[in-house]
Amino acid sequence: MAIPGTFLYSFFFIVPVCLGVYYSFTDWNGVKRTNNFVGFANYVKALTSKRFLNSIVFNLKYTFFYVILLVILATIIAMLLNNKIKGITTFRAFYFLPAVFSGVTISLIFNQVYFRVIPSFAKTLGITSLEQSLLSSKSTAMWAIMFVNLWCALPMQSILILAGLQTVPEDLLEAARIDGANRVQIFHYVTFPHLIPTLSVVLVLAVKAGLMIFDLIKVLTDGGPNNATRSVSMLIYADAFENKRYAIAMAEAIMIGIVIAAISYIQLRISNKSKTD
């Protein structure tokens, strides 16, 4: 029974990864059948490339703020959704709708919002700072993309945290209320310890999404203005399919994969230690 799944996983994941590692040590251009072994030359070129280092800095900055905002907002929304009020089930269903649409679809919608809707309202209201699209300025483009990303990601992450909130024993919450604990104390001493496993998953997913963001940037800015929003994934795509530097693109992809794996491992170790303590 496990053979079909094992075969598909090996064919579509393990084999491509192994081939990618092999080609990253060659001068393969994606076309020629023969290639030469160049060792770590592609990795050295990537690490000494200003374009790659700038993309790494952008991804780290983007991921840092994205993870903080996502976790805080998702936790707040999940706690609101956890209230037992009339109509909350219907509201949860409508709130989850953004997670149904693809990132490309949502990006195309917000592209029109940023270029047409907001500037039109800004001209009517006399707000000169918003008469230009937020995506066309280097100082606001990243935040405009992050807003769309949060709008897409919050429903799923909020639902995950909501599921974690519903695992908190009601008798512990009631006992804390009887002892006179306020909401902050209840969250800190009762709710948060039970949320650590769920928050660990949310953090890993958020970091991975921040470091691998591609579709939203491709549709909204294509890496602009003036490469201000060029992520590592965008750079890998450009090196592979536009510049035909497949071997270097493989090296870049492997390095960012190692970074994601290392960060995820550290996060899980810290969360498991906190859970044990």
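Any value given below was found using the heavy atoms of this structure, including those in side chains, with hydrogens, waters and symmetry copies removed.
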Exercise. Consider only side-chain N and O atoms of S233 and S231, and report whether a donor and an acceptor are under 3.5 Å apart.
Key: no
task = Determine whether more than 12 heavy atoms belonging to other residues, nucleotides or ligands lie under 6.0 Å from atom CZ of R116.
result = no
Practice task
For the pair W143 and F65, name the ring-plane relationship: parallel under 30°, tilted 30 to 60°, perpendicular over 60°.
Solution key: perpendicular
Checklist entry - Ignoring hydrogens and geometry, is there a side-chain-to-backbone donor-acceptor pair from S137 to L134 under 3.5 Å? => result no
**Report entry** Modelled atom types, side-chain donor and acceptor of T221 and T229, under 3.5 Å
**Finding:** yes
With F58 as partner, the option from N227, T63, I217 fulfilling side chain to side chain contact (heavy atoms under 4.5 Å, CB included) is I217
- prompt: Looking at side-chain heavy atoms only, is the closest gap between F7 and F12 below 4.5 Å?
  reply: no
> Taking it one step at a time, do Y9 and I14 satisfy side chain to side chain contact (heavy atoms under 4.5 Å, CB included)?
Replying inline: CA-CA 7 Å; Y9 182 79; I14 296 179; 3.7 Å; yes
message: I'd like to know if L60 and I254 are part of one continuous hydrophobic network [Ile/Leu/Val/Met/Phe/Trp/Tyr, side-chain heavy atoms within less than 4.5 Å].
response: yes
Given the options N243, N29, N42, I248 meets side chain to side chain contact (heavy atoms under 4.5 Å, CB included) only with N42
query: Under a 4.0 Å N-O cut-off, is there an ion pair linking D239 with R51?
result: yes
One should read off an interatomic distance between I76 CD1 and L81 CG, to the nearest 0.5 angstrom, of 12.0 Å
So that I know where these two stand, are F110 and W151 an aromatic pair - ring centroids less than 6.0 Å apart?
yes
Partner of L165 under side chain to side chain contact (heavy atoms under 4.5 Å, CB included), picked from T191, L160, T198, is T191
inquiry  = Donor-acceptor check, side chain of N182 to backbone of V184, threshold 3.5 angstrom: yes or no?
reply    = yes
Between the CD1 atom in I118 and the CG atom in L130, the distance rounded to the nearest 0.5 Å is 7.0 Å
| query | Taking a hydrophobic cluster as the set of Ile, Leu, Val, Met, Phe, Trp and Tyr residues connected by side-chain heavy atoms closer than 4.5 Å, whether directly or through intermediates, do I260 and F52 fall within one such cluster? | reply | yes
Partner of Y23 under ring-ring contact (aromatic ring centres under 6.0 Å, His included), picked from F37, W28, Y246, is W28
Looking just at side-chain N and O atoms, do D27 and N36 make a donor-acceptor pair shorter than 3.5 Å?
yes
Rounding to 0.5 Å, atoms CG (D215) and OG (S102) come to a distance of 8.0 Å
Problem - Proximity of F214 and Y237 rings by center, below 6.0 Å - result: yes
Exercise. For M156, does the CE atom have more than 12 heavy-atom neighbours from other residues, nucleotides or ligands under 6.0 Å away?
Worked result: no
* In this structure, are over 12 heavy atoms from other groups packed under 6.0 Å from K208 atom NZ? -> no
Would you find more than 12 non-hydrogen atoms of other residues, nucleotides or ligands less than 6.0 Å from I3 atom CD1?
no
Quick check: does any side chain N or O of N59 sit under 3.5 Å from a backbone N or O of L211, one acting as donor and the other as acceptor?
yes
